[in-house]
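The next block holds one structure in the form of structure tokens; read it before the comments.
All ligand and atom numbering here is 1-based and tracks the order in the structure.
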Amino acid sequence: MVQTGAKPMRDKALSFFGLGYVGLTSAVCFASRGFNVIGFDTDPQKIELINSGKAPFYEPQVEELLREARRRGQLSFTDNPEEAVKGSDTTFITVGTPSNPDGSINLEQVKNASKQIGQALKGKNGYHLVVVRSTVTPGTTENIVKPIIESCSRKKCGESWGLCFSPEFLREGSAVNDTFHPDRIIIGELDRTSGEILEELYRTFYSSEMPKTIRTTPVNAELVKYANNAFLAMKVSFINMIANLCQKLPGADVEVIAEGIGLDKRIGPLFLKAGAGWGGSCFRKDLDALLDFALKNSVELPLVEAALKVNNTQPYRMIELAKGLIGELKGKKVSVLGLAFKPETDDMRDAVSIKIVKRLLEEGARVAVYDPKAMENARKAFGEAVEYAESVEDCLTGSECALIVTEWEEFRKMTPQNFIELMKIPAVVDGRRIYNAESFSPKLRFAAVGLGEKRYYNQH
Ligand SMILES: NC(=O)c1ccc[n+]([C@@H]2O[C@H](COP(=O)([O-])OP(=O)(O)OC[C@H]3O[C@@H](n4cnc5c(N)ncnc54)[C@H](O)[C@@H]3O)[C@@H](O)[C@H]2O)c1
């Protein structure tokens, strides 16, 4: 039982510090289930945009939920951190934790948010729970967040305020669905009461669908998040490593290998999709932060290093395959289909498309790019160096090679005939294994990551 005399949960108000992919998605989801939510961000333009009913990024369902919750008066936004804390009982810290140039974690946003929360708590009556949701290295909640809030509020943790770390596992592209249906909840609590309040809050939110919940120490909860991302990255890098071997073996196909090993229950089929490598805002920065953290504790993590090593060169396999199809790229129009780091997002942070486009330009290719959602971010990344197409057709017209970099649904629907009709030379490199090699190979110049040389393919 919660011992704070807390009101029934749904009367409780929540605040979110940081309205990026995680903070805004969580805010709209909690508001949609009847919580009163107040969002704060240090970026005034973001607040203004969100207040006008628009999400500052593309993520399925977020904008609809945002508008609905605002219409019901359940969701508001402020540029005043004190107002956010005083108007709520629980504050989630969902600010960014980017990398420093040396790969170590940059905790400046977490420290600033902790200061703002601490200062606001100084003049607040009643119990307040602070939940760190940003990904932070082990020990951060207890050794950095707690002392900052204690010193700014002049209140001891565990008395009038409590502190937990609870990692976020949502995936961009399915963030709303993941928020409503997570595989598990992890609560790292500094004291029992704060853990109980947070568990009850989740129970109210998930109701009969409460996921398996692990209550533990903050340091365990912090490490679970890193170990989770490191394992997933390792799994993808593993299959990409095997894909690179398959590439050299006539008749081999990594998809069959993935299916074969994925049926082993100890391995499982997910995250065994070979391709151009993983990107996104989390894997690289989290693996770098984990390596740096381990090193500071005199521990080496060779499997994590290997996962990064495989991924560093994986995007360039696309260039090798393109050259195998059409020879030198200099002066040729090459079309890049897909720029976001995965489908159903406009996020291009650390996207493999950036590496691929850069290398194509170095090789002297004329690069045309297209993505259904990420064109605005692409303009920031590539400036005047590439041609921005209005559609797939526009991107492919007159092209001598097409690289599939992100597996958008729109690209999956393309037939060999579509490429033949539009391109000067119909050559396709499938970096996400979205096409059926048997139907594509005989009709056009076709190569795919992890597919042994095509001239042998049909002899099987
Ligand atoms: N994006 C993901 O898929 C994902 C998934 C799981 C976990 N995470 C983790 O969640 C955290 C947030 O990730 P994100 O992708 O939403 O980041 P983001 O960069 O999209 O958003 C962070 C937001 O915090 C704001 N901010 C910075 N300092 C602030 C302060 N003091 N007070 C209030 N707002 C402040 C920024 O202006 C920005 O809007 C990171 O630690 C990340 O590793 C992200």
Side-chain angles (χ1 to χ4, degrees), residues 15-29 38-50 55-60 62 77-85 88 91-99 105-120 130-137 140-141 144-145 148-149 152 165-179 182-183 185-186 221-222 224-230 232-233 278-290 340-342 344-351 377:
S15 54
F16 285 85
F17 269 54
L19 300 172
Y21 288 84
V22 167
L24 185 60
T25 303
S26 310
V28 300
C29 288
I38 179 162
F40 163 69
D41 198 287
T42 43
D43 180 346
Q45 283 173 330
K46 209 171 244 190
I47 296 286
E48 201 177 314
L49 191 70
I50 299 172
F57 48 81
Y58 172 72
E59 179 66 43
V62 165
F77 299 94
T78 176
D79 56 6
N80 180 347
E82 194 168 333
E83 192 184 313
V85 171
S88 62
T91 298
F92 287 88
I93 298 181
T94 47
V95 298
T97 47
S99 297
I105 189 168
N106 181 325
L107 288 170
E108 280 317 301
Q109 296 182 34
V110 172
K111 289 179 185 168
N112 287 336
S114 305
K115 272 183 215 153
Q116 290 159 328
I117 293 166
Q119 279 155 3
V130 179
V131 183
V132 180
R133 198 86 165 127
S134 302
T135 302
V136 293
T137 40
T140 302
T141 305
I144 293 178
V145 175
I148 292 177
I149 300 182
C152 293
F165 172 80
S166 185
E168 176 59 72
F169 296 103
L170 65 75
R171 297 162 298 174
E172 285 175 30
S174 54
V176 167
N177 190 51
D178 290 350
T179 303
D183 293 334
I185 299 283
I186 312 278
E222 288 160 334
V224 164
K225 176 64 192 175
Y226 281 99
N228 202 92
N229 271 357
L232 292 175
W278 39 261
S281 68
C282 289
F283 276 9
R284 168 162 304 281
K285 86 165 171 72
D286 289 352
L287 266 57
D288 281 344
L290 180 61
F341 87 95
K342 64 188 288 197
E344 296 302 327
T345 181
D346 61 354
D347 196 350
M348 279 184 63
R349 290 179 288 180
D350 212 19
N377 286 332

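- Lys225 counts as a contact of ligand 1, since one of its heavy atoms falls under 4.0 Å from the ligand.
- For Gln109, there are no side chain to side chain donor-acceptor pair (under 3.5 Å) partners at least two apart in sequence or on another chain.
- Here the protein heavy atom with the shortest distance to atom 32 (N) of ligand 1 is Phe40 CE2, 3.3 Å.
- No side-chain donor-acceptor contact under 3.5 Å links Thr140 to the backbone of Val136.
- Below 3.5 Å of separation, one finds no N or O of Phe169 facing any N or O of ligand 1.
- Looking at ligand 1, you won't find any N or O of Thr94 less than 3.5 Å from one of its N or O atoms.
- Of the candidates Thr91, Ile144, Val145, Val132 forms a side-chain contact (heavy atoms from CB on, under 4.5 Å) with just one, namely Val145.
- Neither the backbone nor the side chain of Phe57 comes within contact range of ligand 1; no heavy atom lies under 4.0 Å.
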Using the rule given for side-chain hydrogen bond (donor to acceptor under 3.5 Å, both in side chains), can you reason through Glu222 versus Thr141, listing the C-alpha separation, both sets of side-chain angles and the distance that settles it, and then say yes or no?
CA-CA 8 Å; Glu222 288 160 334; Thr141 305; 2.5 Å; yes
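- Closest protein heavy atom to atom 24 (O) of ligand 1: Gly18 CA, 3.4 Å.
- For Lys342, no heavy-atom contact with ligand 1 is shorter than 4.0 Å.
- Of the candidates Asp41, Asp347, Leu107, Thr42, Thr42 brings a heavy atom nearest to atom 30 (C) of ligand 1.
- Interface atoms of ligand 1 facing Ala113, defined by a heavy-atom separation under 4.0 Å, are 31 (N).
- The nearest heavy-atom contact from the protein to atom 6 (C) of ligand 1 is Glu168 O, 3.3 Å.
- For ligand 1, the atoms sitting less than 4.0 Å from at least one non-hydrogen atom of Phe17 are 32 (N), 33 (C), 34 (N), numbered in the order shown with element in parentheses.
- Closest to atom 11 (C) of ligand 1 by heavy atom, among Val22, Val95, Thr97, is Val95.
- Inclusion of Thr135 in the set of residues having an N or O under 3.5 Å from an N or O of ligand 1 is warranted.
- Of the N or O atoms in Tyr21, one or more lie within a sub-3.5 Å distance of an N or O in ligand 1.
- Taking any N or O of Asp286, backbone or side chain, none lies under 3.5 Å from an N or O belonging to ligand 1.
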So Tyr58 and Glu344, side chain to side chain contact (heavy atoms under 4.5 Å, CB included) or not? Walk me through it.
CA-CA 8 Å; Tyr58 172 72; Glu344 296 302 327; 3.0 Å; yes
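- The ligand atoms of ligand 1 that sit less than 4.0 angstrom from a heavy atom of Lys285 are 42 (C), 43 (O).
- Considering only non-hydrogen protein atoms, atom 21 (O) of ligand 1 sits nearest to Gly20 CA, 3.2 Å.
- Shown in contact with Arg349 at under 4.0 Å from a heavy atom are these atoms of ligand 1, numbered in order with element: 15 (O), 17 (O), 18 (P), 19 (O), 20 (O).
- Listed by number with element, the atoms of ligand 1 under 4.0 Å from a non-hydrogen atom of Glu172 are 1 (N), 2 (C), 3 (O).
- No part of Ala175 comes within 4.0 Å of ligand 1, judged by heavy-atom distances.
- For Tyr21 and Phe57, the gap between ring centers is short of 6.0 Å.
- Contact atoms of ligand 1 toward Gln116: 30 (C), 31 (N), 32 (N) (distance under 4.0 Å to a heavy atom of the residue).
- Of all atoms in ligand 1, listed by their number and element, those nearer than 4.0 Å to a heavy atom of Ser281 are 1 (N).
- Side chain of Thr78 to main chain of Ala84: no donor-acceptor pair is present (N/O by atom type, distance under 3.5 Å, no hydrogens or angles).
- No side-chain heavy atom of Thr97 sits under 4.5 Å from any side-chain heavy atom of Asn106.
- Using a 3.5 Å distance cut-off with no hydrogens or angles, the side chains of Glu168 and Thr135 do not pair a donor with an acceptor.
- Those atoms of ligand 1 that come under 4.0 Å of a heavy atom in Gln109, given as number and element, are 24 (O), 26 (N), 27 (C), 28 (N), 31 (N).
- The shortest N/O to N/O separation between Lys46 and ligand 1 falls below 3.5 Å.
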Given side-chain hydrogen bond (donor to acceptor under 3.5 Å, both in side chains), test Ser26 with Arg133 step by step and report yes or no.
CA-CA 10 Å; Ser26 310; Arg133 198 86 165 127; 5.2 Å; no
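- The closest approach between Glu108 and ligand 1 stays at or above 4.0 Å for every heavy atom of the residue.
- Using the six-membered ring where Trp is involved, Phe16 and Phe92 have ring planes that are parallel, under 30° apart on the 30 and 60° scheme.
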